Amino acid sequence: MRHVVLFHSVYGLRPAVRAAADRLRAAGHQVSTPDLYGVPATDTVEEGFALLDKIGQEAVLDRARAALRDLPPETVLAGFSMGAGVAGALLAERPAAAGLLLLHGTGGAPDAVAPGLPVQLHLAGPDPYDAPDEVDEWQQAMTDAGADLTVFSYPGMGHLFTDPDLAEYSPDATAAVWPRVLAFLAAG
């Protein structure tokens with residue numbers, strides 16, 4: 001099976017991220033869920049952004065790099081929202097990554113894509129943090145760069161619709177996400 005590193009959202013390392021990791025482990029994958037903040041998760045998105053500002057994006061990326069240090073080069077980079085951005089930002093440093101799994105946010109620059117790189121995106125439609133025209137541009141650029149890209153849109157959902165502790169949680173949309181994720185990880 002796969003090695004997967006799963007980066008958390010701006011809220012921090014919440015129970016939903018741990019539950020997602022447990023779901024992937026139950027399917028046979030080895031999953032790491034690094035705490036990029038080093039402090040308890042926040043309760044609101046505003047607190048999360050304030051915490052990110054206090055810690056700093058570079059410190060978050062340095063912690064993500066440290067979490068990857070002992071993982072195999074072909075580890076799948078994955079993340080929720082901000083964590084999707086972190087996974088994408090590290091793609092250039094991990095050219096042998098077996099895939100890029102993006103939940104609730106885009107990530108990855110086209111110039112970091114190895115031809116044929118499997119990329120899967122799950123995004124609310126529309127998402128308040130990823131404008132539709134920006135997603136379209138990102139999708140075209142990733143495809144043009146050679147990514148094997150699959151995008152799943154979940155119309156009418158809130159941003160982090162897979163987190164049962166948030167008001168935007170959707171059990172139906174969440175139930176659609178996980179079989180697609182497991183199929184993505186099982187391929188290849």
Side-chain angles (χ1 to χ4, degrees), residues 4-14 16-21 24 31 33-37 41-42 44-53 55-58 60-61 63-64 67-68 76-94 97 99-110 112-113 117-143 145 147 149-170 173-174 176-178 180-181 184-185:
V4 180
V5 62
L6 186 57
F7 297 116
H8 61 73
S9 74
V10 75
Y11 283 90
L13 187 55
R14 294 172 56 83
V17 177
R18 290 185 178 104
L24 300 180
V31 185
T33 55
D35 184 349
L36 302 178
Y37 289 169
T42 65
T44 69
V45 70
E46 295 81 13
E47 291 170 344
F49 279 114
L51 188 54
L52 176 60
D53 287 344
I55 294 169
Q57 186 68 30
E58 277 309 308
V60 165
L61 289 172
R63 290 174 181 175
L68 285 166
V76 173
L77 304 173
F80 288 90
S81 188
M82 176 200 80
V86 170
L90 297 178
L91 186 59
E93 300 171 25
R94 304 286 292 195
L100 184 61
L101 174 60
L102 308 169
L103 300 151
H104 312 292
T106 59
V113 171
L117 175 74
V119 179
Q120 190 176 82
L121 170 64
H122 297 267
L123 196 64
D127 189 281
Y129 295 99
D130 287 290
D133 58 333
E134 292 172 2
V135 173
D136 290 345
E137 288 176 27
W138 173 86
Q139 185 173 349
Q140 187 62 54
M142 293 294 277
T143 301
L149 176 64
T150 305
V151 176
F152 294 101
S153 178
Y154 301 84
M157 296 297 104
H159 178 62
L160 276 169
F161 62 84
T162 61
D163 189 328
D165 294 325
L166 298 176
E168 56 209 12
Y169 175 64
S170 169
T174 299
V177 167
W178 294 112
R180 292 168 172 167
V181 166
F184 173 77
L185 293 175

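As the structure is a computational prediction, the values presented were derived from the model and not from experiment.
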Would you mind reporting whether [Y] and [X] have side-chain heavy atoms less than 4.5 Å apart?
X      : Y      : result
Phe80  : Val17  : yes
Leu101 : Leu121 : no
Val10  : Ser81  : no
Val119 : Met142 : yes
Leu91  : Leu117 : yes
Asp127 : Val135 : no
Leu77  : Val5   : yes
Leu24  : Leu185 : yes

Only one of Met157, His104, Glu168 forms a side chain to side chain contact (heavy atoms under 4.5 Å, CB included) with Thr162, so which one is it? His104
Find the distance between NE2 (His159) and CG (Asp130) and round it off to the nearest 0.5 Å.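 Those atoms lie 7.0 Å apart.
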Just verifying a value: how many Å separate Phe7 CZ and Leu13 CG, rounded to the nearest 0.5 Å? 11.5 Å
With a 3.5 Å distance limit and no angle check, can you tell me whether [X] reaches the backbone of [Y] through a side-chain donor-acceptor pair?
X      : Y      : value
Gln140 : Glu137 : no
Thr174 : Phe161 : yes
His8   : Leu36  : yes
Trp138 : Pro110 : no
Arg14  : Thr42  : yes
Arg63  : Tyr37  : yes

Set of residues satisfying ring pair (Phe, Tyr, Trp, His ring centres under 6.0 Å) with respect to Phe152, sequence neighbours excluded: His122
Got a sec, which residues hit ring pair (Phe, Tyr, Trp, His ring centres under 6.0 Å) with Tyr11, two or more places apart in sequence or on another chain?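 Tyr11 satisfies ring pair (Phe, Tyr, Trp, His ring centres under 6.0 Å) with no residue once adjacent residues are dropped.
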What pair of heavy atoms forms the shortest contact from Gly107 to Leu100, and how long is it? O-CD2, 3.6 Å
